[in-house]
Every structure is written in C-alpha cells, then in structure tokens.
2 protein chains.
Amino acid sequence: MDQVNLKKLAKELNLAVSTVSRALRDSHEISPQTKERVRELAEKLGFQPNPHASSLRQNKSKTIAVIIPEIENNFFSQVINGIESVTPNKGYHVLIYLTHEDYNKERDILQLLRNGRVDGIMVSVSNTTTNLDHIEAWHAAGIPLVLFDRTSEDLDVPNIMTNDAEMAFKATEHLLKRGCRNIAYLGMTGNLSISNRRKAGYLTALEKYKVPAPPQIIELTAKDYINRDILKQLFEQQPRPDGIFAAIEKFAVNAYEVCKELHLHIPQDVKVISFSNLQAAALFDPALSTIIQPAYDIGREAANILFKIIEKKMLMPYEKKMVLPSQLIERASTAVTGK
Amino acid sequence: MDQVNLKKLAKELNLAVSTVSRALRDSHEISPQTKERVRELAEKLGFQPNPHASSLRQNKSKTIAVIIPEIENNFFSQVINGIESVTPNKGYHVLIYLTHEDYNKERDILQLLRNGRVDGIMVSVSNTTTNLDHIEAWHAAGIPLVLFDRTSEDLDVPNIMTNDAEMAFKATEHLLKRGCRNIAYLGMTGNLSISNRRKAGYLTALEKYKVPAPPQIIELTAKDYINRDILKQLFEQQPRPDGIFAAIEKFAVNAYEVCKELHLHIPQDVKVISFSNLQAAALFDPALSTIIQPAYDIGREAANILFKIIEKKMLMPYEKKMVLPSQLIERASTAVTGK
DNA sequence: AAATTCTTTGCAAACGATTTCGAAAAATGT
DNA sequence: ACATTTTTCGAAATCGTTTGCAAAGAATTT
C-alpha cells in the first residue's frame, strides 16, 4: 500500500500540487470551493502529510528533546508528565534521552541532535558533568534550550528550578528544632550547582544556629551497595549522627535500609528528612518527612518557556531564572520523641 | 550560521555531491584516498547529515514511538529504561506518548504517527480501550508494532508480558496459606486481557482451595480519593476482608492509606500483597509483599523484537508471545501473626 | 473601452541526502 | 597495441512538501 501524497490528490482533483498544498494549509489565495473539494478528498483518502518532507522544506522538526540523567526517579517522571501536558497542544513530539549520569553520553547526545532533528532541547545535566562547553556551544549555535533542576547559573540560559537552598536550610533547621545536634548531609558527588545550593542551605542553617559539631557532607553514588557501606561507616562513628538530611530521595531509602540493618530507630536514634517526590513516603516505616519539589510544574513551565523561545517570543525577566517553591511535609521520621 | 551540508563539502573538496555522500557512507566504489580526504573535512567542519533529508529519501525515520498509559509509575519508567538500553546502539531515537488511560488519545496518537514519522511503535494499551481496531489497522498497514504488558491475545501481534495469571494465582495462594479466608481483589476497570489474566489467577486459586466466601472483585480507578472511598466501604462490610490482593501498585498504596485511617492493622487484621515495582516497598509500614515484574527486561526484549521486525528478520515462535516471569517477594504485610 | 487591480491557479525551484545510470580513467588480459 | 574489465567519479532524478513568481481570468476603476 503506497502512501497517499499531494501528487496523488492533485492528479485526482485535476489541480496542481501547489494548489492542494495551499488548500490544506487554508491559504487565503485559494477559493472556498476548491478548498472544500481538496479537504473532502484528503479526508476520504486519509491523507497525512509526510513530516520529513515538511521538516526538510521548512527547516523545523516539530520535535523537542528531553535529556535527563535517569528515568527511574519519580521526580523526572513527573517532569516528563508536565512537559507532556503542553507538547500535544503545540503539535510537538517529544524525544527522550537518558545520560545515566554520564558526561560523555550527555555530550554525545547533544552533538547527535545538532542537525535539525529537534527544534529545541530541555536538559537536566548529569552529575559527572563539570565542563559545560557542550551546553554553551549549543546555546551559541542559537538553538533553543532550557535547563531545569540540574541547572547552571553561569550560563546565560533559561533555568527552571526550585528553591533548593532555601528548602535545604528549612530542612536542616527543621532537624535542629527537633533536637538534632549532629546532622549529616547526604548529597551527590560532582559539582553541580544544584548540589552546591542544597549544601549551602545546609551549611547556612548550621552556622545560623551555631551548631558546635562540624558539618558532615557525605557524598553518595548511583550504586546502592556502595552507599550502604558508606552509611554503615557513618553510623558507626562516634558521635553518631542524630539527623540525616538527604538531598536525594534514593539516599534516604539507603539510609532507611541501613538503619533497619543496624537496628537504629527512626526517629528516636536518628531523624531523617529528604528531598523526595515519592507519594508512598507517607507509608514508610516510619513515615518519611519530605521536601516535595513541584516536578510537574517544573516540566510544564520549562516546556512553556522553551516554546516561547522556539516561537521567538520575548521572555519575561522572571522566565530566565524561574524558581518554583518546594514544600516541606513533616512526618514521623522527624518527630520529637520522649527520649 | 548556516549548516554545513554535502554540497558545501563537495565544493570545498572539488568533488561531486554524490561522491561525498558515498565516501561518508563508506561505499566500496570510492577510493581510500578520497574517502580519507572527505572524512577529514567532514570531521573538521563537524558535518552532520540532515536527518529529514535522509528520512525522506530512504523512507525511514530511525525513530520508534513508545505509547504508554502513564509515566508516573515505576513499571513504565523501568520499561523505558529497558527500551533505552537498546535504541542508542541501533542508532534509533525514542518518542514518548502518554494516553493517560484514554482510548481516544490512544487512537489519535496512532493515527498521528501513521505518516512515516516512526518506523515502529511499542504500545501498552489504556484501560479504557475496548476496541482494538486502531491497533489492528496499524498492523494491517504493515508497520512494525509490538504490544507489551497491556497486551491482547486476540491480535496476531507480538506480545511481551509477564506470567500474570500464574503470579496472581501464587499471590492469592500465598494469602490463603497465611490464613486468609476472605480475599478481595483490587483491579482496574476495563476489560484488558492483563486484568482478565490476573483476575483469572485469583479466581482459580479460590476455587482450587475451595474457599467458601464468594470472590470479591473490586474495580478501582485512576483517582485516589474515589479509590479510598470504595475501599472504606469495603472494609466496613461484614465480614471484613482479611486479605487484599492488589493487581496494581497504586491500589496497594490506597489500601495502606485507608487501613491507616481506619486503624486496621496489617498484617494482623488484613494481609496485603500487590503487583509492584517499587524499590521502597520494603520500607513500608509494614513492608509490603510484592510481585515484582521484570519491567526492564520487558522493555529490552520488546525493543529487540521490534527491531527484528523493522529489520525484517524472522521471529522465533517464542518471540511472538514472550512471557517473562515475575517474582514474589514475601514481606511483613503477609506475615502470619499470633492472633 | 482601456487600464488597473484582485482572485485564483499553475509552474518550477527549492530543501539535503541518496541512488541510478553512465562515462571516463585506470588496470588487466590477450 | 587493442579489447575487456574494474575502479572511480559525476550528472541528474528522486523522496514529498512548500513557496516565489508568473499568468490567466474576473472584477474594478478610470
């Protein structure tokens, strides 16, 4: 079965290809009668314009790419959901690429897409990314681009993120107010600005409350078994941390696992709070206090801003650095205990 | 900055466009020397062939589409991860579409893609899909297609799934062996074959063990608050169910929430087991017994099979209906209690 | 009535890569 | 030295859609 194309329609209707094309795009220079004839036959034969021909001719692909470190993470799933809440209305398609937290993959993917396959990209950089030349080069080439969550303030590129430093401060403050005096921070390796923001919030809180114990910044990895080893060591130190602030959901899970193994009780022995978008956090044993990021909104807003750039509209100043607030939900894992 | 294309390379090298094209595709009819010259300049100028021109000419897009009901679900995230473990090696790109469990969206998306935008699709049908004509039509048009998880045995289309009926049987049996006598099944509305398989497993177990209480098939929805209402009613019935088998992870979470609200104790008052791919299930209060589906493998295998079809290779018989086994993990939520 | 605009359509040239066909040049065989 | 094959390359057609321009006819103005 060969596809029905403009030529076939034109022949059938005794019209020129150009006339058919214009009729279908509702051009003003085609009479209503012929428009109707064309539309009717197109409908009847189920004509669908070939996207590659269109893209080639118009030099636009009606496609955007979303480049994220991983997908087995509620946060990124929700972001994608937010993105997808705008793309179909715009008639756009969404390509997904995973970097698996690998800078080289990230660079290669950006390189791979620099050929017109997409009209714009949305990136959340990997934690092994220290050199931002590939992002810079993309931006310099004038192709629309936004960064979200894992952003970079150095580049003059739209950033969509949450109030990381502020919430990290609040989380640490929350632990302090619940009586913790020896709080460890569990963060990602690497030198991402998001990590730095969260770390900074943690440190600021310790400083403001004049905590005598030195800060403990623990850097964890993508591998659960390594993280559990590191955490075991952490909990066997003296003095043992009495509070854990996990900057990543996964690390809170690791901490829970290790506490269970070492028979440490949450929140009696150690209180835990974490950045997390897991609905089931409330069902944990004990229920996990969380900082919920507006993932869906981040995705939606990032997509909206990207489309503004694609459509060459001016961005409002607040759209260049957009900060959507997170929410701290207090649960049993940071409750005050009798002890 | 205008793109570098074949024409520019050809002019620079004093060669014909066709020669450059052939050189880059490593054609045998180009001398090693000119190949080297061409490659060198292409490298230097960062030449990237325009994918739309290629796709138009070759009538293939190097792109596949993944069409799923939702993405905020560990199972589907893991499937995507599995798919992505294959696609880059094949030089393929992945488009994502969400149906939000809406048959009309699903039909429209398939329609939208029937124009050469993709070389094949992978579908997990929505639960509001009763009519499979759109899938049938796609398949009849000869465009590569595989179904996964939410499949249909009626159609002669490759299916990749898990052993739903068997595991549903085992889950129910497990509850029975732990002393439950009044087990409710929480499933999805709709008439999907996956639901039917799981339901059948549940019923077979009840029958085999000659349970006197009538089966209770509860159909839940996408909305949490509705589900909680239904479950509240369920638990206020007499006799109250002493076992819950959730066919969907989300419904187990709803059940936990309602039990907490009604001060019912798991596993003393009611035992719970669920199909689930949540790593954190072990951290629930109490830890949730789960049937873990091989989501990653399902994605990987489904992608491999799709590529076999795209490459017009013959499928092995077992590849037409591939069943990857799930695993039952027993945890505290189905433990035998003193009572 | 002639000159002008306006409306509607067609022709042909793009877009950039691939591929068929053929021609020239080089290598081989007789 | 000539014929034949092989190697290497170029010209041009092609994929399907869009668009600048021309042209014909209709409508309007002078």
Are any protein N/O atoms closer than 3.5 Å to N/O atoms in nucleotides 7-10 of chain D? If there are, list each pair with its distance.
from	atom 1	to	atom 2	distance (Å)
D/dC9	OP2	B/S31	N	3.1
D/dC9	OP2	B/S31	OG	3.4
D/dC9	OP2	B/T34	OG1	2.9
D/dC9	N4	B/E29	OE1	3.0
D/dG10	OP1	B/A16	N	3.4
D/dG10	OP2	B/A16	N	2.7
D/dG10	OP2	B/T19	OG1	2.3
D/dG10	N7	B/S18	OG	3.3
D/dG10	N7	B/R22	NH2	3.3
D/dG10	O6	B/R22	NH2	2.5

In whole Å, I'd like the distance from the CG atom of B/L24 to the P atom of C/dG16. 16 Å
Whole-Å gap separating P (D/dT17) and CZ (B/R117): 13 Å
For B/T34, side chain to side chain donor-acceptor pair (under 3.5 Å) partners two or more places apart: B/S31
Restricting to side chain to side chain contact (heavy atoms under 4.5 Å, CB included), what partner residues turn up for B/P144, sequence neighbours left out? B/L306, B/I309, B/I310
Send over the distance from B/N115 CG to D/dT17 P, rounded to a whole Å. 10 Å
Dump every N/O contact between nucleotides 13-15 of chain D and the protein below 3.5 Å, one line per pair.
from	atom 1	to	atom 2	distance (Å)
D/dT14	O2	B/R57	NH1	2.9

What I want to check is whether the side chains of B/H134 and B/E106 have a donor and an acceptor closer together than 3.5 Å. yes
For A/L13 and C/dT8, what is the distance between atoms CG and C1' respectively, to the nearest whole Å? 16 Å
Under 4.0 Å between any heavy atoms, over every strand shown, what does A/S21 touch: base, sugar-phosphate, or nothing? Just pick one. base
How long is the straight-line distance from OG of B/S54 back to NZ of B/K60, given to the nearest 0.5 Å? 10.0 Å
Whole angstroms only, please: what is the CG-P distance between A/L6 and C/dA14? 19 Å
Partners passing side chain to side chain contact (heavy atoms under 4.5 Å, CB included) against B/A16 (at least two apart in sequence or in another chain): B/S18, B/T19
Test item: A/T87 and A/K90 side chains (from C-beta on) under 4.5 Å apart, heavy atoms: no
So B/V118 and B/L95, do their side chains get closer than 4.5 Å, heavy atoms only? yes
Whole-Å distance between C/dA17 C1' and B/K62 NZ? 15 Å
For A/D108, which residues count as a side chain to side chain donor-acceptor pair (under 3.5 Å) partner, sequence neighbours excluded? none
